[in-house]
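Only one structure is covered here, and it is reproduced in the block below.
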Amino acid sequence: MFSLAIGLMTAGVMAADLTAQEPPPLSSGAKFVAQTGQQLYQISCQGCHMADGKGARGVGLYPALANNRNLAVSEFLIFVIMNGKSGMPGFRDYMSDEQIANVANHVRSSFGNNHGPDVTAGFVKDFSSR
């Protein structure tokens with residue numbers, strides 16, 4: 001019964017979010033196939049940080065990305081996306097430099113954030129080799 005309720009809640013959240021946008025492509029291997037920052041956010045971030053980027057509290061604490069001053073420091077966000085933080089997994093092995101840049105730019109320019117300049121794949125590559 002509990003799993004059914006969770007499944008229905010998850011389906012409701014997903015359905016509400018997907019009505020306004022194209023669903024992201026599903027990945028069949030170890031790497032994400034989605035390319036846009038919005039799609040990558042939906043697939044890899046939204047489940048914890050929520051569709052509105054406001055985060056969640058419950059069994060765990062999922063920090064808000066909305067109006068988050070820490071995201072102004074692009075190196076901070078790139079480091080967290082690549083390596084994870086606290087209970088968040090790292091995505092270095094699952095996303096290309098371009099995908100990491102795209103999702104970083106999406107988060108840095110959405111949810112009330114207006115951080116720039118844009119992160120590039122070259123920046124991610126240089127950062128990861130430090």
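Remember, it's a predicted structure, so these values are computed and weren't measured experimentally. For the single chain, residues carry numbers from 1 onward in sequence order.
- For Lys31, the side-chain contact (heavy atoms from CB on, under 4.5 Å) criterion is met by no residue, not counting sequence neighbours.
- Residues passing the side-chain hydrogen bond (donor to acceptor under 3.5 Å, both in side chains) test with Ser109, sequence neighbours excluded: none.
- Screening residues 121-130 for side-chain hydrogen bond (donor to acceptor under 3.5 Å, both in side chains) gives no qualifying pairs among residues at least two apart or on separate chains.
- Qualifying side-chain contact (heavy atoms from CB on, under 4.5 Å) partners for Thr36, counting only residues two or more places apart in sequence or in other chains: Gln38, Gln39.
- For the atom pair Leu77 CG and Asn113 CG, the distance stands at 9.5 Å (nearest 0.5 Å).
- For the side-chain contact (heavy atoms from CB on, under 4.5 Å) test, residues two or more places apart in sequence or in another chain that qualify with Ser110 are His106.
- For Phe79, the CZ atom counts as loosely surrounded, since its 6.0 Å shell holds 12 or fewer non-hydrogen atoms of other residues, nucleotides or ligands.
- Partners of Tyr94 according to the ring-ring contact (aromatic ring centres under 6.0 Å, His included) rule, which considers only residues two or more places apart in sequence or in another chain, do not exist here.
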For residues 57-68, which side-chain N or O atoms pair as donor and acceptor with protein atoms under 3.5 Å away, sequence neighbours left out?
from  : atom 1 : to    : atom 2 : distance (Å)
Asn68 : OD1    : Asn70 : N      : 2.8
Asn68 : ND2    : Ala64 : O      : 2.9

Donor-acceptor pairs are to be reported for all side-chain atoms of residues 95-103 against protein atoms at under 3.5 Å, with residues two or more places apart or in another chain.
from   : atom 1 : to    : atom 2 : distance (Å)
Ser96  : OG     : Glu98 : N      : 3.4
Ser96  : OG     : Gln99 : N      : 3.1
Ser96  : OG     : Gln99 : OE1    : 3.4
Gln99  : OE1    : Ser96 : N      : 2.7
Gln99  : NE2    : Phe32 : O      : 2.8
Gln99  : NE2    : Ala34 : O      : 2.6
Asn102 : ND2    : Gln35 : O      : 2.7
Asn102 : ND2    : Glu98 : O      : 3.4

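- Summarising the geometry, atom CG belonging to Asn105 is positioned 15.0 Å from atom OH belonging to Tyr41; distances are rounded to the nearest 0.5 Å.
- With hydrogens and angles ignored, the 3.5 Å screen pairs a side-chain donor or acceptor of Arg108 with a backbone N or O of Ala72.
- For Thr120, the side-chain contact (heavy atoms from CB on, under 4.5 Å) partners two or more places apart in sequence, or in a different chain, are Phe123.
- The ring-ring contact (aromatic ring centres under 6.0 Å, His included) test applied to His115 returns no partner, not counting sequence neighbours.
- Annotation: side chain of Met82 is in contact with side chain of Phe127 (closest heavy-atom distance under 4.5 Å).
- Within the structure, every pair that satisfies the side-chain hydrogen bond (donor to acceptor under 3.5 Å, both in side chains) test and touches residues 71-90, not counting sequence neighbours, is listed here: Asn83-Arg92.
- With rounding to the nearest 0.5 Å, the separation of SG in Cys45 from CE in Met50 is 11.5 Å.
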